[in-house]
> 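My structure is below; once you've seen it, I'll send some questions.
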Amino acid sequence: MLSSCLYHNLFSAKALYFIMKKLSRNERLAVILKLLNMHKELSNQKISTLLAVTAKTVRCDLVQLEKDGLVKRVHGGVCQSEGVDIKKYSLDAMLAELLDRSILNDSMALDSNQGRLIKMKHNVFVLGSFNVDIVANLARFPQPGETLHSSSSSIGAGGKGANQAYAAAKNGANVSFMTKIGTDQFSQFARQHLSSTGIDNTIILESSTSPTGTALIYVSEQAGENMIAVNEGANMTLTDDEIHSAKQHIINAQLFLTQLETNFDAIKLAMSIAKDNGAKVILNPAPYHQRTLELLPLVDMITPNETEASLMTGISVTDLDSAKQAAIAIHALGVTSVVITRGSDGVLLYENDQFTLIEVLKSAVVDTTGAGDAFNGALVAELARGSTLHQAAKYANAYASLAVERLGAANMPDGSLVAARLNA
């Protein structure tokens with residue numbers, strides 16, 4: 001907990017920026033109450049600045065405090081409710097009360113590493129990459145040896161794992177995300193981005209020898225399509241020991257999602273732990289790896305695109321019939337549920353010897369970078385909520401159609417927008 005002298009200097013926000021970014025939600029609530037005890041009334045904007053969180057996060061925190069009868073909302077801000085004993089709402093006091101009442105049941109557990117309560121049901125564990133995306137927007141893709149002028153360029157957050165974890169969190173899943181970065185100029189950028197995503201629990205490992213992963217991305221303005229070259233960097237240095245250090249988080253997961261942008265052997269070990277402990281294992285086999293077929297005995301559901309399905313099966317997937325043949329072939333390799341994403345041709349599902357085709361939804365395509373990640377994140381979030389595969393894929397298809405209307409792989413839309421797209 002923060003010392004009293006730090007509380008009295010909270011309005012020096014810059015000095016405490018990095019401390020505030022590390023606060024858990026329970027700690028934020030306690031800090032807000034302490035601030036109100038000192039200053040009686042604060043604006044939402046002031047709280048957002050002091051705690052170094054978004055206005056949306058502040059609103060959610062204040063809604064919870066108001067629901068608990070601890071604060072009263074006023075125009076543009078909040079004040080403390082009468083008769084509140086601030087000492088009762090320190091983090092230590094709240095945890096002690098919970099333990100005394102023995103209400104830590106099967107759906108809750110104490111995370112000893114983070115010092116906070118975490119939800120255990122409907123939990124999604126994502127193992128995957130974090131990359132820094134360096135994006136150039138071009139009128140069209142260059143020919144070999146050709147130099148084109150870029151209309152704009154940007155540096156942003158990416159990586160299939162980080163994007164999918166972000167999308168799952170945006171759609172209401174309780175997400176734990178494990179990744180590995182370097183100790184370089186991009187490491188603080190990575191931490192700041194992940195702390196702003198709403199992902200419940202991030203396990204960030206560091207490599208002292210390899211850089212943070214990067215992705216060089218060309219985006220064609222003519223079609224909104226992209227070309228990507230990835231340097232995995234620290235993502236490829238994930239070790240078995242590091243996987244074992246996160247074993248309890250993996251065991252607690254209902255759904256386990258991973259891709260192939262991290263060290264293959266570490267991925268295989270994590271999948272084995274998840275499978276052995278009853279989690280549903282979902283593999284997005286991207287980018288394709290020559291050892292992908294080794295993983296299939298551990299996979300319950302797989303989500304390749306047409307290219308990846310072709311590489312897995314040797315069947316050239318060019319239309320619906322060939323996609324169906326590939327789905328049957330993948331199922332024959334031991335995967336219960338096959339989900340082939342087909343870009344502008346929609347999504348093909350194969351489960352229980354039945355095919356289901358989900359047609360693409362109309363959207364104003366701006367950038368397809370991260371569309372597959374948006375789909376996968378939304379898919380696991382819906383599955384965690386108890387939806388059938390058909391329901392979850394239909395939802396995820398709509399969410400991906402919203403994602404392609406935005407620039408940037410990590411610019412994930414809010415899940416609340418999906419209902420309107422489905423009903424359009």
Side-chain angles (χ1 to χ4, degrees), residues 141 160 164 220 222-228 257-260 280-365 367-380 382-383 387-405 418 421-422 424:
F141 294 135
K160 293 183 184 300
Q164 292 177 19
S220 167
Q222 286 183 349
E225 295 294 337
N226 62 72
M227 297 172 63
I228 306 174
L257 171 65
T258 192
Q259 322 76 33
L260 299 176
K280 186 170 187 175
V281 176
I282 301 169
L283 173 65
N284 175 221
Y288 184 78
H289 194 286
Q290 61 183 2
R291 294 173 59 191
T292 297
L293 298 186
E294 289 181 30
L295 300 176
L296 297 192
L298 302 170
V299 175
D300 296 295
M301 181 181 296
I302 197 163
T303 62
N305 61 20
E306 290 178 314
T307 300
E308 292 145 7
S310 299
L311 291 169
M312 289 177 66
T313 62
I315 298 169
S316 179
V317 179
T318 57
D319 54 20
L320 181 59
D321 286 341
S322 56
K324 287 182 176 180
Q325 293 173 30
I328 292 172
I330 295 170
H331 174 71
L333 293 171
V335 181
T336 301
S337 304
V338 182
V339 180
I340 300 179
T341 56
R342 306 184 59 233
S344 59
D345 291 320
V347 182
L348 177 67
L349 311 179
Y350 185 62
E351 187 179 51
N352 299 323
D353 297 325
Q354 293 186 336
F355 290 107
T356 304
L357 180 63
I358 298 176
E359 296 183 358
V360 71
L361 297 175
K362 291 183 179 180
S363 57
V365 178
D367 182 3
T368 60
T369 311
D373 298 334
F375 177 88
N376 279 276
L379 181 74
V380 295
E382 277 300 293
L383 291 172
S387 297
T388 64
L389 176 58
H390 179 235
Q391 292 169 334
K394 185 176 179 181
Y395 178 97
N397 185 52
Y399 186 74
S401 77
L402 293 165
V404 299
E405 296 180 339
V418 172
R421 177 58 54 91
L422 285 172

> Could you give the distance from OG (S344) to NZ (K362), rounded to the nearest 0.5 Å?
14.0 Å

> For residues V338 and A327, report the shortest heavy-atom separation together with the two atoms involved.
CG2-O, 3.8 Å

> Pair L293, L333 - check side chain to side chain contact (heavy atoms under 4.5 Å, CB included), show working.
CA-CA 8 Å; L293 298 186; L333 293 171; 4.0 Å; yes

> Taking all heavy atoms of A364 and all of E405, pick out the closest pair and write down the distance.
N-OE2, 3.0 Å

> Taking the side chain as every heavy atom from C-beta outward, state whether D345 and L320 have any atom pair closer than 4.5 Å.
no

> Begin with the C-alpha distance, continue with both residues' side-chain angles, and end with the deciding distance and a verdict on side-chain hydrogen bond (donor to acceptor under 3.5 Å, both in side chains) for E382 and Q391.
CA-CA 8 Å; E382 277 300 293; Q391 292 169 334; over 6 Å; no

> Provide the full list of ring-ring contact (aromatic ring centres under 6.0 Å, His included) pairs with a residue in residues 313-351, sequence neighbours left out, each pair given once.
H331-Y350, Y350-F355

> Please, which pairs that meet salt bridge (charged side-chain N to carboxylate O under 4.0 Å, His left out) have at least one residue in residues 297-319, sequence neighbours excluded?
K275-D300, E306-R342

> I'd like to know if the side chain of T292 and the backbone of Y288 have a donor-acceptor N/O pair within less than 3.5 Å.
no

> Any chance you could measure T341, atom OG1, to L379, atom CG, to the nearest 0.5 Å?
10.5 Å

> Please lay out, stage by stage, how Q259 and N284 fare under the test side-chain hydrogen bond (donor to acceptor under 3.5 Å, both in side chains).
CA-CA 5 Å; Q259 322 76 33; N284 175 221; 5.9 Å; no

> Can you measure from CD (E294) to CG (L296) and round to the nearest 0.5 angstrom?
9.5 Å

> Return the minimal non-hydrogen interatomic distance between A286 and K160, and the atom names on each side.
O-CD, 3.5 Å

> Which heavy atom of V404 sits nearest to which heavy atom of T368, and what is that distance?
CG1-CA, 4.1 Å

> Does a side chain donor of either E351 or S337 reach within less than 3.5 Å of an acceptor in the other side chain?
yes

> Check A323 against I340 and note the closest heavy-atom contact, atom names and distance.
O-CD1, 3.5 Å

> Walk me through it: do V335 and M301 pass the test side chain to side chain contact (heavy atoms under 4.5 Å, CB included)?
CA-CA 6 Å; V335 181; M301 181 181 296; 5.5 Å; no

> Test L349 against L389 for side chain to side chain contact (heavy atoms under 4.5 Å, CB included), laying out the working first.
CA-CA 8 Å; L349 311 179; L389 176 58; 4.2 Å; yes

> Between A392 and S387, which heavy-atom pair has the shortest distance, and what is it?
N-CB, 4.1 Å

> Less than 4.5 Å apart, side chain to side chain, heavy atoms only: is that true for L283 and L260?
yes

> What distance separates I315 CD1 from I328 CD1, expressed to the nearest 0.5 Å?
8.5 Å

> Measure the OG1-CG distance between T258 and N376 for me, rounded to the nearest 0.5 Å.
10.5 Å

> Determine, step by step, whether L257 and Q164 satisfy the side chain to side chain contact (heavy atoms under 4.5 Å, CB included) criterion, reporting the C-alpha distance in whole Å, the side-chain angles of both residues, the deciding distance to 0.1 Å, and the verdict.
CA-CA 9 Å; L257 171 65; Q164 292 177 19; 3.3 Å; yes

> If you define the side chain from C-beta out and look only at heavy atoms, does anything of V347 sit under 4.5 Å from L357?
no

> I need the I302 CD1 to L295 CG distance, nearest 0.5 Å.
8.0 Å

